[in-house]
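Reviewing the structure listed below.
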Amino acid sequence: MQRVDNIAGLTLGELAEQLSFKTPQDLLREKGWVGQLVEAALGASAGSKPIPDFEYIGVELKTLPISYHGKPLETTYVSVVPLTQLTGLTWYNSTVKKKLSHVLWLPILAERDIPVVERVIGQGFLWQPSPVQEQQIRRDWEEQIELIATGNVDQISGHLGEVMQIRPKAANAKALTDAIGPNGKCIQTLPRGFYLKTNFTQSILAQEFSA
DNA sequence: TTGTGATCATTA
DNA sequence: TAATGATCACAA
């Protein structure tokens, strides 16, 4: 958290310079650049391993792009959605519960008209879901996992879910993976991810900064 | 191919 | 203009 406090208020350009990162003109081709930068700054065990960013303390790091008014500009990716081998899968052993059990949120003032180099790092904070918040996420998870388990993955769209939705998460629309189809047969479908809706992350920010 | 980091950009 | 569906880079 000392590191978090130390980078609060810095622009992405300033932090990039400190770490010898080259700031891109835009994020068109480097959508994960900001996340990689703050991982390096905060000492997260980088890489694409399926473990928490800070594996020894079980904390997940999430940057959160916000508008001038402090509203989240994007949904927040949580994890890949399991589409097969769902037997025995419960909320309690789900990747979503694990990932969201402890999160370090790092707001970034990232309005689209601000050049990447001038975007400002906000005050990061640790968060754990309240009982109510966990119930909201759990309901969305169980409802949508049920659809997948019963072979109705293709009926899922981003409209579902009160606070967490399922959307494509793939290299492109041609990427396919195995899933359960009607009649229990194996079908090919787009890989999906769980995303926290902006209304939910906004409430987390409100909870943190209103107090 | 799947998982990590996400944002882009068209649609509703 | 917000939200959904599409997409980008890199590592293992």
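Throughout, protein chains are lettered first and strands after them, A, B, ... in sequence-line order, and every chain is numbered starting at 1.
A:K197 has its NZ atom 11 Å from the P atom of C:dG5, to the nearest Å. In this structure, the CD atom of A:E74 is 12 Å from the C1' atom of C:dG5, given to the nearest Å. Between the CD atom of A:Q165 and the C1' atom of C:dA3 there is a distance of 8 Å, given to the nearest Å. Distance, A:D113 CG to B:dT7 C1': 16 Å, rounded to whole Å. One can place CZ of A:R112 at 10 Å from P of B:dT7, the figure rounded to the nearest angstrom. A straight line from CG of A:L37 to C1' of B:dT4 spans 16 Å, rounded to a whole angstrom. A:L12 has its CG atom 17 Å from the P atom of B:dG5, to the nearest Å. Taking atom CD of A:Q202 as the reference point, atom P of C:dA2 lies 10 Å away to the nearest angstrom.
For the pair A:T76 and A:S79, nearest-nucleotide mapping onto DNA chain B gives the more 5' position to A:S79. Each of A:H159 and A:K62 has a nearest nucleotide on DNA chain B; the 5'-most of these lies closest to A:K62.
Nucleic acid contact for A:P65: sugar-phosphate only, since backbone atoms but no base atoms lie under 4.0 Å from a heavy atom of the residue.
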Is there a side chain to side chain contact (heavy atoms under 4.5 Å, CB included) between A:K71 and A:T198 once you walk through the steps?
-> CA-CA 8 Å; A:K71 276 195 59 174; A:T198 54; over 6 Å; no
Apply the test side chain to side chain contact (heavy atoms under 4.5 Å, CB included) to residues A:H102 and A:L126: give CA-CA distance (whole Å), side-chain angles for both, the deciding distance (0.1 Å), then the verdict.
-> CA-CA 7 Å; A:H102 212 167; A:L126 288 167; 4.0 Å; yes
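Salt-bridge formation is not detected for the pair A:R139/A:E143: no Lys NZ or Arg NE/NH1/NH2 atom is positioned less than 4.0 Å from an Asp or Glu carboxylate oxygen. Taking the charged nitrogens against the carboxylate oxygens, A:K97 and A:E134 do have a contact shorter than 4.0 Å, which makes a salt bridge. Using a cut-off of 4.0 Å between Lys/Arg side-chain N and Asp/Glu carboxylate O, A:D178 and A:K185 are scored as not salt-bridged.
Around the CD atom of A:E17, the shell of radius 6.0 Å holds no more than 12 heavy atoms that belong to other residues, nucleotides or ligands. Residue-environment remark: CD (A:Q188) exceeds the threshold of 12 foreign heavy atoms within 6.0 Å. Other residues, nucleotides and ligands place more than 12 heavy atoms under 6.0 Å from the OH atom of A:Y68.
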Protein N or O to nucleotides 6-9 of chain C N or O, pairs below 3.5 Å:
unit_1: C:dT7; atom_1: OP2; unit_2: A:A173; atom_2: N; d: 2.7
unit_1: C:dT7; atom_1: O2; unit_2: A:K31; atom_2: NZ; d: 2.8
unit_1: C:dT7; atom_1: O4; unit_2: A:A170; atom_2: N; d: 3.4
unit_1: C:dA9; atom_1: OP1; unit_2: A:R29; atom_2: NE; d: 2.8
unit_1: C:dA9; atom_1: OP1; unit_2: A:R29; atom_2: NH2; d: 2.6

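At least one side-chain nitrogen or oxygen of A:Y77 sits closer than 4.0 Å to the OP1 or OP2 atom of B:dT4. Contact check, A:T75 against C:dT4: no side-chain N or O comes under 4.0 Å of OP1 or OP2. Residue A:T63 places at least one side-chain N or O closer than 4.0 Å to OP1 or OP2 of B:dA6. Note on A:T198: a side-chain N or O is less than 4.0 Å away from OP1 or OP2 of C:dA3. Between A:K99 and B:dT4 there is a side-chain N or O to OP1 or OP2 distance below 4.0 Å.
The backbone N or O of A:L42 lies less than 3.5 Å from a partner atom in the side chain of A:R3, making a donor-acceptor pair.
A:K98 NZ to A:Y92 OH: the interatomic distance, rounded to the nearest 0.5 Å, is 13.0 Å.
Each end of the helix from B:dT1-C:dA12 to B:dA12-C:dT1 gets its own axis, taken as the rotation carrying the C1' atoms of four end pairs onto the next four within a five-pair window, and the two axes meet at 30° to the nearest 10 degrees.
When distances are taken from the side chain of A:V80 to each of B:dG3, C:dG5, B:dA6, the shortest belongs to B:dG3. Between B:dT2, C:dG5, B:dA9, one nucleotide has an atom nearer to the side chain of A:S157 than all others, and that is C:dG5.
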